[in-house]
Every structure is written in C-alpha cells, then in structure tokens.
Amino acid sequence: MTRFIAIKTEESTAVLTMNTPENRHNPEFLAEFNQHLDQIEADKNIKSVVLTSNSEKNWSLGIDLEWMANTSNTPETIAGFMSDVTALLKRIITFPMPIIAALNGHTFGNGAVLACACDFRLMKSDKGFFCFPEVDVMVPFLPSMFPIINKAIPQAFFNRLAMSGMRVGAQELLDNKVVEAIFADEAQLQAGALGFAQQFNKNRWIYAQNKTQMNKQIVLTMETEDPIFIDNISKLLWKNLQQK
Ligand SMILES: C/C=C/C(=O)SCCNC(=O)CCNC(=O)[C@H](O)C(C)(C)COP(=O)(O)OP(=O)(O)OC[C@H]1O[C@@H](n2cnc3c(N)ncnc32)[C@H](O)[C@@H]1OP(=O)(O)O
C-alpha cells in the first residue's frame with residue numbers, strides 16, 4: 001500500500017518518497033508512515049533512511065487542516081490524531097538508524113517539525129521555502145515540538161521564524177546550520193542525499209541507544225506534558241474549526 005508514501009531500497013538505504021501533492025499529515029498518512037518504518041525495521045540490511053517527496057513544489061505542508069475540519073470529527077478524534085503525530089515523531093527520534101530529510105520543496109508547519117525530528121536535513125536551493133506558519137494558522141505547537149525543533153534549529157533563529165511566520169530558503173537554513181548541505185537542483189539533492197545516507201552503516205543497537213539517550217528529554221515531555229496539552233487544545237481546535 002503506497003497511496004501516501006512510496007518505499008524503495010537503494011543498497012543499504014530505504015528511500016521513503018511522500019507522493020501526494022502537499023504531503024499533508026492525516027491519520028492515513030501516519031498509518032502508512034508507520035507501516036513503512038515497520039518494514040524497514042524488519043529488513044536487517046537497511047542501515048539508513050532518506051525521506052523525500054515526489055511533488056513538484058512541496059516536501060510537506062504539515063497537518064491536513066481540511067481533514068481536521070471534517071464535520072464528522074470530534075474533539076476526541078482530533079486528540080487521538082495529535083497523539084498519533086507525537087507517537088510518530090517519537091518513533092523517528094528513537095529509530096535505530098539515521099533518517100535524512102531531503103527537502104525538495106516547501107516545508108511548512110508540522111512538515112517542518114517532521115524535518116526537525118529527522119537526524120539530518122539537506123535541501124535544494126532553487127525553490128522551496130521552510131516556514132513555521134503556526135502564528136498565522138492559529139495551530140499551536142505541542143510542548144514536545146519545541147525541543148524537537150531545538151535539536152535542529154538554533155534558538156534565536158527559531159525564535160525569529162516562530163514569532164514572524166517568515167519563509168526562508170535553503171541558503172539561510174545553511175547559514176544557520178539547520179541543513180547540512182544545499183544542492184542546486186532536484187537531481188543533485190537526491191544523489192547527494194543518497195550518498196550522505198550511505199555513509200551511515202553502523203549497528204542499529206548503538207544508534208538506538210544513542211538516539212534514545214540524546215532525545216530522552218523530548219520523550220519525557222511527550223509523556224508528561226503533551227497528553228494534558230492535547231486534551232485541552234483539541235477541544236478548542238475543534239470548536240474553531242467547526243465555526244469556520
Ligand atoms: C503544529 C503544526 C501545524 C501545522 O502543520 S498547520 C499547517 C501549516 N501549513 C501551511 O500553512 C501551508 C499553507 N500553504 C501555503 O502557505 C502555500 O501553499 C505555500 C506557501 C506552501 C505555497 O504557495 P504557492 O503560492 O503555491 O508558492 P509557490 O508558487 O511555490 O512559490 C511562490 C513564489 O515564490 C518563489 N519561490 C519558491 N521558493 C523560493 C525560494 N526558496 N526563494 C525564492 N523564491 C522562491 C516561486 O518561484 C514563486 O514565484 P513566482 O510567483 O514568481 O512564480
């Protein structure tokens with residue numbers, strides 16, 4: 001099943017290609033992402049993962065607000081979905097191998113959080129903005145999203161992005177050490193991401209140990225703060241979305 005995300009293997013690297021126009025996050029997207037991670041964990045030959053998109057414009061535009069506003073949703077459905085978002089992010093930050101985000105288009109909202117959860121980011125520089133539009137779309141970050149973002153983005157730069165909702169391109173991300181490298185176009189990015197990923201061929205156990213330790217404060221925040229926040233915010237979000 002590859003409606004939302006395709007999977008292929010290039011030597012020891014699994015390439016996950018998000019394949020809808022905006023790569024929005026909804027329950028089906030999350031379920032398929034988890035199935036692919038199960039498949040990768042089951043294949044002992046895989047040592048690294050590249051996460052990219054086949055959309056001409058977008059890497060991922062974040063939460064599927066259209067799905068969220070569906071009238072059949074209840075506050076409980078929204079809360080369940082947000083918990084599932086957290087669970088996927090937790091899986092990524094503790095996954096037993098490096099995950100490399102190959103950003104080949106606009107990366108917005110929870111798409112940007114997903115990119116930050118990955119271990120490394122590479123981006124193409126011809127087109128594509130990176131942006132946290134939460135201040136404009138009135139969807140707050142979950143508590144654990146701040147430390148996820150902070151592991152990828154220096155605090156002062158994130159502060160500027162989050163307060164303004166401004167869009168930045170690849171060069172500014174490179175200048176602020178958010179991405180490891182930038183590439184002139186799509187072909188160079190994809191080749192670069194694969195080459196970058198294939199340098200990682202260590203034992204899964206040690207990656208799991210180190211990632212779990214390195215990110216344990218994030219996991220603690222997910223377990224202690226996110227559930228209460230999600231419970232409160234899902235009621236508010238549901239009310240706002242139903243009134244639109
Ligand atoms: C906690 C979590 C919360 C959430 O997840 S909430 C959901 C958050 N998601 C969103 O809010 C996403 C909403 N979507 C959008 O805002 C728009 O959907 C986009 C901005 C992503 C795309 O808009 P478009 O108008 O389709 O953009 P373009 O046509 O791709 O680009 C506009 C112009 O900008 C140029 N451009 C693109 N990338 C760059 C760059 N890196 N540097 C300089 N210019 C760039 C293009 O070429 C074009 O220009 P030219 O209008 O002249 O054709």
Side-chain angles (χ1 to χ4, degrees), residues 18 20-26 29-30 51-53 55-70 73 78-79 81-82 85-86 88-89 92-93 101-118 120-180 182 218 221-222 225-226 229-230 232-244:
M18 299 180 279
T20 57
E22 297 191 344
N23 297 316
R24 294 274 191 168
H25 307 169
N26 56 35
F29 175 94
L30 299 184
L51 178 59
T52 192
S53 156
S55 156
E56 267 179 33
K57 276 169 74 160
N58 303 307
W59 188 75
S60 171
L61 297 188
I63 288 176
D64 185 346
L65 295 174
E66 210 174 298
W67 170 81
M68 225 183 215
N70 194 308
N73 278 334
I78 292 175
F81 167 69
M82 288 164 86
V85 167
T86 304
L88 176 64
L89 294 170
I92 290 170
I93 63 173
L103 306 176
N104 54 348
H106 298 307
T107 301
F108 275 53
N110 207 51
V113 177
L114 175 64
C116 290
C118 293
F120 299 101
R121 286 146 297 282
L122 308 171
M123 193 169 184
K124 75 180 177 77
S125 55
D126 55 347
K127 275 185 185 171
F129 288 120
F130 185 96
C131 173
F132 290 109
E134 279 74 2
V135 283
D136 294 313
V137 296
M138 302 282 287
V139 177
F141 295 102
L142 301 182
S144 65
M145 289 178 177
F146 292 102
I148 289 176
I149 293 165
N150 282 155
K151 85 178 180 61
I153 305 185
Q155 176 59 28
F157 184 52
F158 170 58
N159 188 48
R160 191 146 59 84
L161 298 181
M163 292 293 169
S164 62
M166 71 192 276
R167 301 166 183 183
V168 289
Q171 185 62 52
E172 203 161 350
L173 294 177
L174 184 67
D175 294 344
N176 285 281
K177 300 188 169 32
V178 179
V179 296
E180 296 287 316
I182 60 176
I218 304 176
T221 307
M222 286 171 166
E225 295 183 35
D226 281 359
F229 189 87
I230 286 172
N232 291 334
I233 207 67
S234 57
K235 294 187 185 91
L236 268 177
L237 273 177
W238 179 78
K239 215 168 132 197
N240 290 346
L241 288 164
Q242 296 302 317
Q243 280 167 359
K244 274 195 178 169

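- Listed by chain and number, the residues in a salt bridge (charged side-chain N to carboxylate O under 4.0 Å, His left out) with E66 amount to none (sequence neighbours excluded).
- D226 contributes a side-chain N or O that, together with a main-chain N or O of S144, makes up a donor-acceptor pair within less than 3.5 Å.
- No donor-acceptor distance shorter than 3.5 angstrom exists from the side chain of R167 to the backbone of F130, with no hydrogens or angles considered.
- By the 4.5 Å heavy-atom criterion applied to side chains, I153 and N176 are not counted as neighbours.
- The shortest non-hydrogen separation linking V179 to A170 is CG2-O, 4.2 Å.
- Among all heavy-atom pairs drawn from I149 and V113, the shortest one is CD1-CG2, 4.1 Å.
- Between F157 and E172, the shortest heavy-atom distance links the atoms CE1-OE2, 4.0 Å.
- Remark: L61 CG to S53 OG distance equals 9.0 Å, nearest 0.5 Å.
- Put simply, CG on L237 and CD1 on I78 are 6.0 Å apart, with the number rounded to the nearest 0.5 Å.
- A heavy-atom distance below 4.5 Å is found between the side chains of L89 and M222.
- In this structure, a donor-acceptor pair under 3.5 Å is present between the side chains of Q171 and D175.
- No donor-acceptor distance shorter than 3.5 angstrom exists from the side chain of S60 to the backbone of N58, with no hydrogens or angles considered.
- Under the 3.5 Å distance criterion, the side-chain polar atoms of R121 are matched with a main-chain donor or acceptor of V178.
- M68 has its side chain out of reach of V139: every pair of non-hydrogen atoms, C-beta onward, lies at least 4.5 Å apart.
- For the side chain to side chain donor-acceptor pair (under 3.5 Å) test with D64, the passing option among N110, N26, T20, N70 is N26; the others fail.
- The two residues F141 and A162 make their nearest non-hydrogen contact at CE1-CB, 4.4 Å.
- Atom-to-atom distance recorded for N23:CG and W59:CH2 is 8.5 Å, nearest 0.5 angstrom.
- Within a 6.0 Å sphere centred on CD of E56, heavy atoms belonging to other residues, nucleotides or ligands number 12 at most.
- In this structure, CG in L142 is found 5.0 Å from CD1 in I230, a value given to the nearest 0.5 Å.
- To the nearest 0.5 Å, atom CZ of residue F132 and atom SG of residue C116 are 4.5 Å apart.
- The minimum heavy-atom distance linking N104 with K124 is given by the pair O-CE, 3.1 Å.
- N73 contributes a side-chain N or O that, together with a main-chain N or O of W67, makes up a donor-acceptor pair within less than 3.5 Å.
- From L122, atom CG reaches atom CG of L103 across 7.5 Å, with rounding to the nearest 0.5 Å.
- Of all heavy-atom pairs between L51 and C118, the closest is CD2-SG, 4.2 Å.
- Put simply, the side chain of T52 gets close to the backbone of A102: a donor and an acceptor are under 3.5 Å apart.
- Atom NZ of K151 has more than 12 heavy atoms from other residues, nucleotides or ligands within 6.0 Å.
- The aromatic rings of H106 and F108 sit perpendicular, their planes meeting at an angle over 60°, well past the 30° parallel limit.
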Problem set entry | V135 and M163: CA distance, side-chain angles, deciding distance, side-chain contact (heavy atoms from CB on, under 4.5 Å) verdict | CA-CA 7 Å; V135 283; M163 292 293 169; over 6 Å; no
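- Taking 4.5 Å as the limit, every side-chain heavy atom of N150 sits out of range of all side-chain heavy atoms of I218.
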